[in-house]
Amino acid sequence: MSSLTVHAGGLDLQNPVLLAAGILGTTGASLRRAALAGAGGVVTKSLGSVPREGHHGPTVVAVECGLLNAMGLPNPSYRNFQEEIEIARKGGRPVIASIFGSSAREFSQIARGLKADAFELNLSCPHAEKYGSELGRYPEMVESVTGAVKAAADVPVWVKLTPNTADILELGLAAQRGGADAVVAINTLKAMAIDIETGYPILGNRFGGLSGRAIKPVAVRCVYDLAAGLDIPVIGVGGITSWEDTVEMILAGASAVQVGTALQRGYGIFEEITVGLARYLERKSLTLEELRGLAGRRS
Amino acid sequence: MSSLTVHAGGLDLQNPVLLAAGILGTTGASLRRAALAGAGGVVTKSLGSVPREGHHGPTVVAVECGLLNAMGLPNPSYRNFQEEIEIARKGGRPVIASIFGSSAREFSQIARGLKADAFELNLSCPHAEKYGSELGRYPEMVESVTGAVKAAADVPVWVKLTPNTADILELGLAAQRGGADAVVAINTLKAMAIDIETGYPILGNRFGGLSGRAIKPVAVRCVYDLAAGLDIPVIGVGGITSWEDTVEMILAGASAVQVGTALQRGYGIFEEITVGLARYLERKSLTLEELRGLAGRRS
Amino acid sequence: MRPINCIIQEVRSLAPQIRTFQLERDLDPGPGQYVMVWIRGVDEVPMSFSGPDTITVQSVGEATKALFKLGAGSSIGLRGPLGNGFVLRGKRILLIGGGVGTAPLAFLGEQASKRGMEVTSLLGFRSREDIIFQSRFEALGDTIITTDDGSAGIMGRAAAGLKELNLFEYDQIYICGPEVMMWDIISRTREHSSKTQACINRYFKCAEGICGSCCLDPDGTRVCVEGPVIMADRLLESEFGRYRRGPDGSKGPCRG
Amino acid sequence: MRPINCIIQEVRSLAPQIRTFQLERDLDPGPGQYVMVWIRGVDEVPMSFSGPDTITVQSVGEATKALFKLGAGSSIGLRGPLGNGFVLRGKRILLIGGGVGTAPLAFLGEQASKRGMEVTSLLGFRSREDIIFQSRFEALGDTIITTDDGSAGIMGRAAAGLKELNLFEYDQIYICGPEVMMWDIISRTREHSSKTQACINRYFKCAEGICGSCCLDPDGTRVCVEGPVIMADRLLESEFGRYRRGPDGSKGPCRG
Ligand SMILES: Cc1cc2nc3c(=O)[nH]c(=O)nc-3n(C[C@H](O)[C@H](O)[C@H](O)COP(=O)(O)OP(=O)(O)OC[C@H]3O[C@@H](n4cnc5c(N)ncnc54)[C@H](O)[C@@H]3O)c2cc1C
Ligand SMILES: Cc1cc2nc3c(=O)[nH]c(=O)nc-3n(C[C@H](O)[C@H](O)[C@H](O)COP(=O)(O)OP(=O)(O)OC[C@H]3O[C@@H](n4cnc5c(N)ncnc54)[C@H](O)[C@@H]3O)c2cc1C
Ligand SMILES: Cc1cc2nc3c(=O)[nH]c(=O)nc-3n(C[C@H](O)[C@H](O)[C@H](O)COP(=O)(O)O)c2cc1C
Ligand SMILES: Cc1cc2nc3c(=O)[nH]c(=O)nc-3n(C[C@H](O)[C@H](O)[C@H](O)COP(=O)(O)O)c2cc1C
Ligand code: FES
Ligand code: FES
């Protein structure tokens, strides 16, 4: 079997297929289960400084080729999450804590108070007021938040970017200037669904974010642009549902990938992807390293 | 049958379902055919000031739930298109000329030289250097181009916006300030697909725009945001494939819609949608007017 | 799947805070499956089917109160049927229900009976006026009722009725009710736990198996898709009966 | 559909600028259908099937030249089979081909023959050395060949061979070749146009029926999906033979 180990964003990963933030990441048990099912690493639900119940339901709605969600960042606060992280770690894979705040200060306070193998800064959630992409759309904000967390943390810091922008590379460059060890792209696309029988927006929050197969071509493009323009690694996420999608994302330049919505099909997705990826590398006699960013070298 | 006539963006339309720009819009004959098949109006292929052959192939690739395209704005120039517009008009429906340029001057020069029932300014094509969204991402540019064309034209001016931005309403407000009679949203999402056997980006242009069912939730959201914040009408486009999608777009606030990728299924789509829409209005005892923007009034 | 629009055909009041909503559509659910009920403009909450085309709801908070305001002719949005549902096994089965938790069991019992199974029921309620579905259960077979206050049947919790029964006589046991009651029974009947199917509640947000809100410790079982029916022997090794998580994901006590 | 990866198994040279590419995959095309051939890094162009798993290509420009650089073992991307294809009708059929346009007809003739139809062919080439597929057609039935320079068969354009034939004898006529040649034949044989199926070329960009690049005047027929096979009587009422549009959509003369 081809080796799938990879060093990415300051972490040594058994394989490059991670669990995405906010997916089965509310408890240590579910994170550990993803690790045991074969994820190369797991990202927690985004954690803030105070408990949040999130938006009213419906919080998700399945649409054409994807999922809309507006969870509203429910979480028990980082203070109540350390023990979950310890449980998650029993899966034997790196546990990356996704964190969010409304200012550089709030971000760095959380980073100081929490122990994890790395931090992922949620500067990209498209449906929580004062958080996520409301900060993350501004390069200066991305840079200052990243810098503040880097100063506070002694583990790698990844920055998760929003695709709801004219030029995601500007945001990636800002993260790099701030000292990020990797960027993660993409979070969901701003989107909405309306009930045609009554005219009600379906999500409790009216708006939400689109994930799943629908957004993969957008994610591939973002990863390609980022990989071409950055020196730090890019972690690709968005619509990955198969080993083929994973190969496409790595060809675009991703050092590792994250899987979210496809977990609808169950935890088996990790093994499905890693086995498929290993077989592909074998058939092609390529290493992961050689595969990475190949699309940028073709012309 | 419920009436589907509507006055939108300065035009009287027999029905609110139009043919989108760049779809079967290269010849007068195909535009006329769309009109005869039941389109409420037809938009031409985007026309520039000099002939362009467009990008090398592949120019389209079908992806998960949508289509990627990078046509590269092929067109015979507006000078060679007037006779096509005359033929298109024989379909008995308004013919809207989509035009593009790299400056306000170029836009207004075309608008002065071309006769059509309205102009649609392509400030949103995501894959042609120096054109489209490369101007349209900047509110000041949107405003100045709109203003220049308004000054040059004696017919309604619609502005087609890009969703590749953090806040499409900023762009819509700019168009409104420039004097636009309507905004049209959305053009395609920046996207890409890579051939996993060889690593080649599939499109001849490497990048392209995503259209079709995948983008509908993004389009609905954009239309909702625009309708909530603008005084001028919004024309909804993006992923409309059925009468249900049309209803959803009108609920979001669209005064009319345009159909693009769904023409893959043939010209019959116009009748399918208009008949379905009329039946729906009848069943609900609603007028188009009452339906429009209902989602914004629900809470 | 987007929520399906569904007209409420009839509302029947069963007890002071419990009503059955007759739906215009038969979504072909299995007993133990649930549906996400969208009360538009308010919230979306999980409800078990109490029949092929009914849900039976206890009013406890915002969403259920809003639902109680809807009468025949009103419409709700439905996502479902979801979850695994009960599996019918054997010839003689025992149903143990508490409060509104009797709803999916009445539905189950009727299917079992149609298949020729012998059905016995043990049902616990707070008081005489809270009793629901009594005649539905009695039509199926022997029915023991307990009330906390003794106003009807045996006085005490449902567990008080256990001594009337020999659990070895049943091929399969099905249980649904408040967590404290279920825990009480399951932990008293450990030797039967591998033949006991429990329909449990957790806080559901997505009902798609991806948000993690409903996951059980310590193995991360996603109750919304791998449940809500879970074998009691697995529950005995879980958080069940000890704590449960609220909407923000933090642990709390097991009321209700 | 994304392009399917396909290995070229063999390349056979048929004439100075014409080669047949044997594909590793049988995409189960019908005669007259085409495939979009992606020569990676260069362009994507339409090619008719000359057999169930072959295309036969004349080198005329950038994409076809790049294709000629690929040998056995190289790979191309394929989108197809696309388009409507020929419809076989009747018992006696006539094939009229010119140059590389004989490719889909050889494929068609072989299918017709298998179904027991009687096949006659009239084929025009520039010169003796440009003749392709002669033995394939001869194996099917009577074959008349013309060459512009008289170096083989009848001297003259394909139309020169018409006088050897009584077109009333054929139930259906199939034609494919350079537009000028097809136009020449179709306009000389108007009384047969309702039984003549022509496989034509237009500038294809999307091959999905949405870009409009291939549309015929005056009715807007999308040749890429409603064609490339079109009845001659409809062509007589169209732009065919008079002009065609180039990649920028403007009208140009009908060469080739
Ligand atoms: C699989 C399943 C089946 C159920 N079947 C029934 C039934 O047949 N009849 C019935 O009356 N009730 C049933 N419930 C419980 C019902 O979902 C809650 O009573 C309802 O959600 C309360 O909402 P509320 O807004 O009225 O109350 P709130 O004031 O919001 O909450 C009251 C309590 O209800 C529970 N609750 C609230 N929201 C949810 C949620 N999204 N998911 C799970 N629990 C929640 C919590 O324990 C909370 O403390 C079921 C729950 C689950 C998980
Ligand atoms: C349905 C169909 C079936 C065809 N079958 C065959 C075949 O079996 N064998 C064969 O040799 N040729 C076939 N052709 C023609 C072939 O597509 C062109 O020769 C080829 O595209 C030339 O590309 P190029 O880059 O080499 O030449 P270029 O230098 O780009 O162009 C040379 C000429 O080829 C034509 N052409 C170029 N690109 C296209 C295009 N995308 N679509 C249509 N025409 C184009 C134009 O007339 C152009 O003037 C077919 C065309 C069509 C539409
Ligand atoms: C239900 C749900 C919850 C999510 N929660 C978070 C979150 O808390 N933090 C975050 O950064 N991203 C969150 N995301 C975004 C995902 O991590 C991911 O970026 C996105 O869904 C695209 O990947 P996918 O198409 O594989 O799902 C969430 C996505 C979904 C569907
Ligand atoms: C093949 C193709 C060509 C297009 N050409 C143009 C164009 O020339 N000008 C323009 O403004 N939009 C163009 N568009 C965008 C469409 O008009 C429309 O905004 C977009 O496709 C979303 O709608 P849909 O999902 O219904 O296709 C094109 C889209 C496609 C698929
Ligand atoms: S409710 Fe989301 S995983 Fe179960
Ligand atoms: S090639 Fe695009 S419509 Fe035919």
Side-chain angles (χ1 to χ4, degrees), chain B residues 20 22-34 36-37 44-45 47 50-64 67-69 71-72 74-77 80-81 83-84 87 90 193-204 211 260-267, chain D residues 1-7 24 36-47 61-63 66 74-80 82 202-226 237-239 243-252:
Chain B
I23 308 297
L24 294 168
T26 312
T27 69
S30 55
L31 289 162
R32 178 174 150 274
R33 188 174 174 192
L36 295 175
T44 70
K45 177 74 198 164
L47 305 166
V50 292
R52 277 172 68 100
E53 301 206 340
H55 299 312
H56 273 186
T59 54
V60 308
V61 45
V63 292
E64 302 77 9
L67 210 62
L68 267 180
N69 92 81
M71 305 304 300
N75 79 96
S77 88
N80 293 317
F81 208 77
E83 75 172 299
E84 307 291 345
I87 293 167
K90 295 198 180 122
I194 298 169
D195 180 49
I196 67 162
E197 284 302 326
T198 61
Y200 275 94
I202 298 179
L203 292 172
S211 63
T261 303
L263 264 289
Q264 272 182 308
R265 285 162 46 192
Y267 287 92
Chain D
M1 176 186 56
R2 285 166 182 248
I4 297 167
N5 191 52
C6 182
I7 310 278
E24 147 218 49
M36 292 299 285
V37 179
W38 176 27
I39 303 105
R40 295 189 180 89
V42 183
D43 206 345
E44 188 193 38
V45 291
M47 290 291 157
E62 192 186 355
S74 297
S75 87
I76 50 181
L78 298 180
R79 263 205 294 155
L82 301 170
R202 277 299 175 266
Y203 206 94
F204 287 7
K205 284 174 180 275
C206 72
E208 291 268 1
I210 61 159
C211 77
S213 137
C214 68
C215 289
L216 282 187
D217 285 347
D219 63 357
T221 301
R222 296 160 303 160
V223 177
C224 68
V225 292
E226 298 172 82
E237 290 171 9
S238 79
E239 68 181 37
Y243 60 86
R244 57 189 294 169
R245 292 169 193 270
D248 68 8
S250 62
K251 296 174 189 173

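Letters A, B, ... are given to chains in the order of the sequence lines, protein chains preceding strands, and every chain is numbered from 1.
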What residue, out of [options], has the most heavy-atom pairs lying under 4.5 Å from chain B?
| options | value |
| --- | --- |
| D:Val45, D:Asp219, D:Leu216 | D:Asp219 |
| D:Met36, D:Arg222, D:Arg79, D:Lys251 | D:Arg222 |
| D:Ser250, D:Cys206, D:Ser213 | D:Cys206 |

- Task: Measure B:Ile87 against the heavy atoms of chain D and call it side chain, backbone, both or neither at under 4.5 Å.
- Result: neither

- Residue B:Leu47 versus chain D: region with a heavy atom under 4.5 Å: neither

Over all atoms of both residues, closest heavy-atom pair of [X] and [Y]:
| X | Y | answer |
| --- | --- | --- |
| D:Arg2 | B:Val63 | NH2-CG1, 3.9 Å |
| D:Glu208 | B:Ala62 | OE2-CB, 4.0 Å |
| D:Cys211 | B:Met71 | CB-CE, 3.6 Å |
| B:Ala29 | D:Gly220 | CB-N, 3.7 Å |

- Rounding to 0.5 Å, atoms CD (B:Glu53) and CG (D:Asp248) come to a distance of 6.0 Å

- Report the distance from atom CG of D:Asp43 to atom NE2 of B:His56, rounding to the nearest 0.5 Å. 5.0 Å

Among [options], which has the most heavy-atom pairs under 4.5 Å with chain D?
| options | result |
| --- | --- |
| B:Glu64, B:Glu84, B:Arg32, B:His55 | B:Glu84 |
| B:Thr198, B:Val61, B:Asn80, B:Leu263 | B:Thr198 |
| B:Leu31, B:Ile202, B:Asn69 | B:Ile202 |

- Bottom line for D:Val42: the part with an atom under 4.5 Å from chain B's heavy atoms is backbone

- Residue part contacting chain B, namely of D:Ile39, when any heavy atom lies under 4.5 Å: neither

- Query: Does B:Thr27 reach the main-chain N or O of D:Gly249 with its side chain, forming a donor-acceptor pair under 3.5 Å?
  - Reply: no

- Query: So does B:Glu197 pair up with D:Arg40, basic N to acidic O under 4.0 Å?
  - Reply: no

- For B:Phe81, enumerate each residue passing the ring-ring contact (aromatic ring centres under 6.0 Å, His included) test, keeping only those at least two apart in sequence or located in another chain. none

